[in-house]
Amino acid sequence: MTRREFTGALLASAASLPFLTTRPAMASSTTLLTAGTRTIEVKGRAATVFGLLQPDGTHGVRLEPGADFNVALANALDAETLIHWHGMTPPWPLDGVPDMPAAPMKPGEQRVYNFAAGAPGTHWMHAHTLQEQGLLAAPLIVYGKEDRARDEQDAVVLLHDFSFTPPEEIIAKLRAAGGVGGVGMGHAMGTTMGGATQDMMAGMDVNDIDYDAYLANDRTLDDPEILRVSKGGRLRLRIINGATATGFTIDTGNLVATVVAVDGRDVLPIAIKQFPLSMGQRVDLNIDIPREGGAFPVLALREGGNERTGVILATPGAKIQKIAGEAETRGPLLSLDVERQLQAARPLMAKAPDRKLSVMLMGDMMGYQWRLESAGPLIVEEGQRVSIEMMNHSMMAHPMHLHGHHFQVMAINGAVMRGAIRDTVLVPPMSTVGIAFDALNSGRGWAFHCHNLYHMAAGMMAAVSYKGA
Ligand SMILES: [Cu+2]
């Protein structure tokens, strides 16, 4: 959707909600968002999945410059649910993790979420439960005045991993496979790997789960989304890894892209053709479309696997060739090589930490047990500069996400840096990553967890609490 289209969509959405005026609790600018089900087609099969839809069909929320986050969320599912606003910094009671502190919404229940949107950026929303696997996830884009002033087209790509197997069954299989086999090679679902890859990954667990499909905006490469772009134009592609348990490498093929933001926060621009994107993370890429035009795939390569998904950028009249959903080579393992090059455009003010915390990332495929260990509870005080050192003592990579805050990446394996501002950072196997943030959003327990849904469900979650909150 282009900027112009989506402005129109917002107006249409307001016009289609006349009943809002009869509900005094909701201001006229309140966006109605319904958690419901919808049907998509995956590899020729109909699939019933979740969605977060506005009355006009817009998936998720796109905020105009200066607008508050003001959403009336309705639960049209026949089950309880709750939605987390990933990347936003709401007051703690509105964060959307079940019972931290809000109770899940009952079927038919509606709740209003109204808070300051914060800085512009690419964020998203998702259920903080196994419902995330069923695509209960959508974009949440905060547009700024600068976005409007730039002469660029704007598009969002939400990546996901899809299975026809219900998540409860997936997790039961993971537990059974880990407990019985315990091979520690990421073969839990019966994957086999080629010799070279196996050598490269010796001792490492890459993927827990083999999915039936990998989606970009709900579609596979059998029938990918075609994003119409202008010859010689500039595109801002906002890519969200909404997959529950799959890391991707974004591959722009023949085009060089410029990384301009990660996790909704600007970085000093760097040119890339491949960018690692772990679960929960976002990247904004500027892509200049060649003057001669053409069709340009932007692919997401599954980490350590042949599968891929993506969208096609195409100028008017361009011939679009079909791209196979499986590549001949495997997607790279996600590393911190690019992370080391990233620098926040607006870093934290230089300051020594007032409070130093340290967390160990523990677990293995045996019995599928994952956990975070620390010397004591993770307690901070309002106003403190807090550092957290995350040491991964396991053989899997863990994308670690802190709710309600943005942190700066300050060290990788002991090498001090002043990296990107993020809300989710990858901690590879046997690696250490240091982050720092200012404790300015009080809460009695902000979720701090691995963004692999199954690791989180198996216990890889802690809470950062403010003293006296
Ligand atoms: Cu994990």
Side-chain angles (χ1 to χ4, degrees), residues 84 86 97 126-130 132-133 137 159-161 163 167 170-171 173-175 177-179 182-189 191 201 203-211 241-249 263 276-281 302-305 331 333-336 339 358-374 378 388-403 407 409 412-413 422-435 446-464:
H84 165 56
H86 187 133
V97 180
H126 61 86
H128 219 273
T129 64
L130 293 180
E132 187 191 354
Q133 181 68 82
L159 303 171
H160 220 297
D161 42 20
S163 180
I170 293 176
I171 203 162
K173 280 184 188 170
L174 285 169
R175 288 205 168 108
V183 289
M185 280 298 294
H187 293 171
M189 300 292 282
T191 328
M201 301 176 184
M204 265 184 64
D205 300 318
V206 181
N207 290 306
D208 289 346
I209 300 160
D210 282 329
Y211 284 93
N241 186 356
T244 61
T246 304
F248 292 104
T249 294
D263 293 357
L277 200 63
S278 197
M279 295 79 92
Q281 294 183 321
R302 182 192 182 205
E303 181 179 23
L333 297 183
L334 302 198
S335 79
L336 295 178
E339 193 73 45
S358 150
V359 174
M360 288 194 285
L361 286 46
M362 311 287 288
D364 55 51
M365 302 299 285
M366 295 279 272
Y368 210 69
Q369 301 285 330
W370 300 98
R371 63 192 186 277
L372 299 175
E373 283 185 9
S374 56
L378 304 175
I388 306 182
E389 187 180 53
M390 296 176 284
M391 288 173 279
N392 185 351
H393 290 273
S394 80
M395 295 310 284
M396 275 198 90
H398 305 286
M400 291 296 296
H401 173 42
L402 174 64
H403 287 221
F407 54 74
V409 179
I412 295 177
N413 291 332
R422 286 190 166 284
D423 54 52
T424 308
V425 68
L426 186 71
V427 188
M430 305 310 284
S431 300
T432 301
V433 173
I435 59 171
W446 285 105
F448 177 50
H449 64 93
C450 173
H451 221 286
N452 178 314
L453 177 62
Y454 298 92
H455 293 186
M456 183 184 81
M460 206 161 199
M461 175 141 149
V464 173

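Throughout, residue positions are numbered sequentially from 1 according to the sequence presented. When a ligand or atom number is given, it counts from 1 through the structure's own listing order.
Checked against a 6.0 Å centroid threshold, the rings of His160 and His126 do not count as neighbours. Between His403 and His449, the distance separating the two ring centers is shorter than 6.0 angstrom.
Closest to the Cu ion (ligand 1) among the N, O or S atoms of His398 is ND1. Restricting His455 to its N, O or S atoms, the one at the least distance from the Cu ion (ligand 1) is ND1.
Here Cys450 meets the criterion, with an N, O or S atom under 2.8 Å of the Cu ion (ligand 1).
Between the side chains of Asp161 and Thr244, at least one donor-acceptor pair of N or O atoms lies under 3.5 Å.
The aromatic rings of His86 and His451 lie tilted to each other, with the angle between the two planes from 30° to 60°.
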